[in-house]
Amino acid sequence: MKKFLLAACMISGAISTASSQRNNQKIKAVENNLGGWVKIADSAGWNIKNRMAYYHINGLSIAVIDNYKIVWAKGYGWADTMEKRPVTTSTLFQPASVGKSIHAVATMELVQDRKLDLNLDINDYLRSWKFPYDTISHGKKITTLELLSHMAGLSVHGFDGYKWGALLPNIEQILNGKPPANNEAVRSMFEPGKRFEYSGGGYTISGLMDQDITGQPYAAYVARAVFKPLGMTHTFYQSELTEKEAQNLATAYRYDQQAIGCKYHIYPEEACGAALWSTPTDMAKFLVELQLSLKNKSNKILTTNSVEQMFTPQSKEGNALGFFIEKKGDETYFHHDGLNEGFIADYTASLRGGKGVIIMANTDLAAYIDITEEITNSVATVYGWKGFYTPVVKHEVNVADRLLKTYTGRYKFSDGNDQHVDIYLRDGKLWFHDSSSPTPWLVHFSSDTDFFFYEVLFNIHSFSKNASGKIDGFMIKASDGEFKVKKVN
């Protein structure tokens, strides 16, 4: 009997070791297979640490979902460069607007419990403040469905936050745009239901509705309704942070790796996600629950019908209730991204098959889309998301130095526009710096005159000559037309 138990343990250990080795191999593959919209023929994928350096990212954290399970999570770089504190899987980031997905789930639970009707006037539920309708709404009332899908026609895209020690506004001051709030009032821009218009202000109204309906502080309600049932023990709103978790917060940095003037901004706006702190692992628990709910395999918060309703797009933009829906290849995905001062976050998860990835980093702007898409593309490739990543393949050519020198100079988009481009040589490479971009882009050539960038999707660029054969500008050919950027010196 002892021999049998020993043999069984040895077999179990061997299986566990083999499984761990396979997982480590996939982690390594993800780390070395990053890719953007374009791929150079016969080139290898990018390395994650090299791309972090390229985008000036101090710290980054990832969690990967496969077959409805969190298969691995890992941190990279520094949570705080001065303290030399590394990113771990317990490091909390501000996921920003990713929190809108959490808010939508918490609100749908009220709908499911018949405490809220998605299609009734929001003022039927608001008690502590009323939305001031005016002639812009043309007599149409705003609904919760429209708030959650960004179809309410409201202003205030997002919020800037406040430095430490600043006087913070309450929610009524935020909604009315009154000091000390640093945003404009949340008001109608056009009649509700007309078209998509992203509005963090609309989510702030929805959060106040949840608070008025439940009679609880918003953060406390969401913790009870979402975080606790899913075991999201490392997810908090700013107002609920514990002293212990405050030691695990990542520090915010600009695109140039410099601090933003304080460790991070304080956000009193909760429902839009700005005030949220979380980890990729905790957010992955949230995504897996929704995936399992669609299969009716777990309904810790919402029923299958509620999730299906929440994932129904309300316009051609793919805007559902707290999520964006997009089809790639044979599969449909739900996703959301977020940007706070010094932080970015992004997740993509499949409606079927239990696949997904969530990425958070303590940087902003320059790497907002690129680094998260590159990592997602790598995960999709390694874990077999059929048809998800289909890059444009280009053959890169070497251009003679004498030609590269003729391309250098300043270019202007139009005479009445201050936006310009400086093209210059550095270390034998041609660089392109648009005045609207905080960082320059490396120029890649597909011919002596045609060029492209990893950072600009799909556009075709081509240097042009005048009648005397001198470079006089470059053409930009996009899906919506083409135009010339003139060389001015």
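In this text, all values refer to a predicted model and were calculated from it rather than measured experimentally. All residue numbers refer to positions in the sequence shown, counting from 1.
Under the side chain to side chain donor-acceptor pair (under 3.5 Å) criterion, Asn47 pairs with Asn32, not counting sequence neighbours. For the ring-ring contact (aromatic ring centres under 6.0 Å, His included) test, no residue two or more places apart in sequence or in another chain qualifies with Phe236. Partners of Ser306 by side chain to side chain donor-acceptor pair (under 3.5 Å), not counting sequence neighbours, listed by chain and number: Gln112, Thr303. By the salt bridge (charged side-chain N to carboxylate O under 4.0 Å, His left out) test, Lys69 is found to be paired with no residue, residues two or more places apart in sequence or in another chain being considered. Residues that satisfy the side chain to side chain donor-acceptor pair (under 3.5 Å) test with Thr81, not counting sequence neighbours, are Tyr253. Residues passing the salt bridge (charged side-chain N to carboxylate O under 4.0 Å, His left out) test with Glu109, sequence neighbours excluded: none. Remark: Ile171 pairs with Leu175, Thr204, Leu208 by the side-chain contact (heavy atoms from CB on, under 4.5 Å) rule, at least two apart or across chains. Listed by chain and number, the residues in a side chain to side chain donor-acceptor pair (under 3.5 Å) with His103 are Thr107, Ser206, Tyr218 (sequence neighbours excluded). Residues passing the salt bridge (charged side-chain N to carboxylate O under 4.0 Å, His left out) test with Glu240: none are found, sequence neighbours excluded.
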Under 3.5 Å, side-chain donor or acceptor atoms of residues 145-152 against the rest of the protein: list the pairs with distances, not counting sequence neighbours.
| from | atom 1 | to | atom 2 | distance (Å) |
| --- | --- | --- | --- | --- |
| Glu146 | OE1 | Thr143 | N | 3.0 |
| Glu146 | OE1 | Thr143 | OG1 | 3.4 |
| Ser149 | OG | Leu145 | O | 2.7 |
| His150 | ND1 | Ser199 | N | 3.0 |

Side-chain polar contacts of residues 275-288 - donor-acceptor pairs under 3.5 angstrom, sequence neighbours left out - could you list them?
| from | atom 1 | to | atom 2 | distance (Å) |
| --- | --- | --- | --- | --- |
| Trp277 | NE1 | Gln238 | OE1 | 2.8 |
| Ser278 | OG | Thr235 | OG1 | 2.8 |
| Thr279 | OG1 | Asp282 | N | 3.1 |
| Asp282 | OD2 | Thr233 | N | 3.3 |
| Asp282 | OD2 | His234 | N | 2.7 |
| Asp282 | OD2 | Thr235 | N | 3.2 |
| Asp282 | OD2 | Thr235 | OG1 | 2.7 |
| Lys285 | NZ | Gly231 | O | 2.8 |

Item to check | Intermediate values then yes/no, side-chain hydrogen bond (donor to acceptor under 3.5 Å, both in side chains), Ser101 and Tyr347 | outcome: CA-CA 11 Å; Ser101 300; Tyr347 75 77; 2.6 Å; yes

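Sorted by first and then second residue, the side-chain hydrogen bond (donor to acceptor under 3.5 Å, both in side chains) pairs involving residues 375-389 (not counting sequence neighbours) are Trp72-Tyr383.
In summary, the side chains of Tyr54 and Glu374 do not present any donor paired with an acceptor at a separation below 3.5 Å, with no hydrogens or angles considered.
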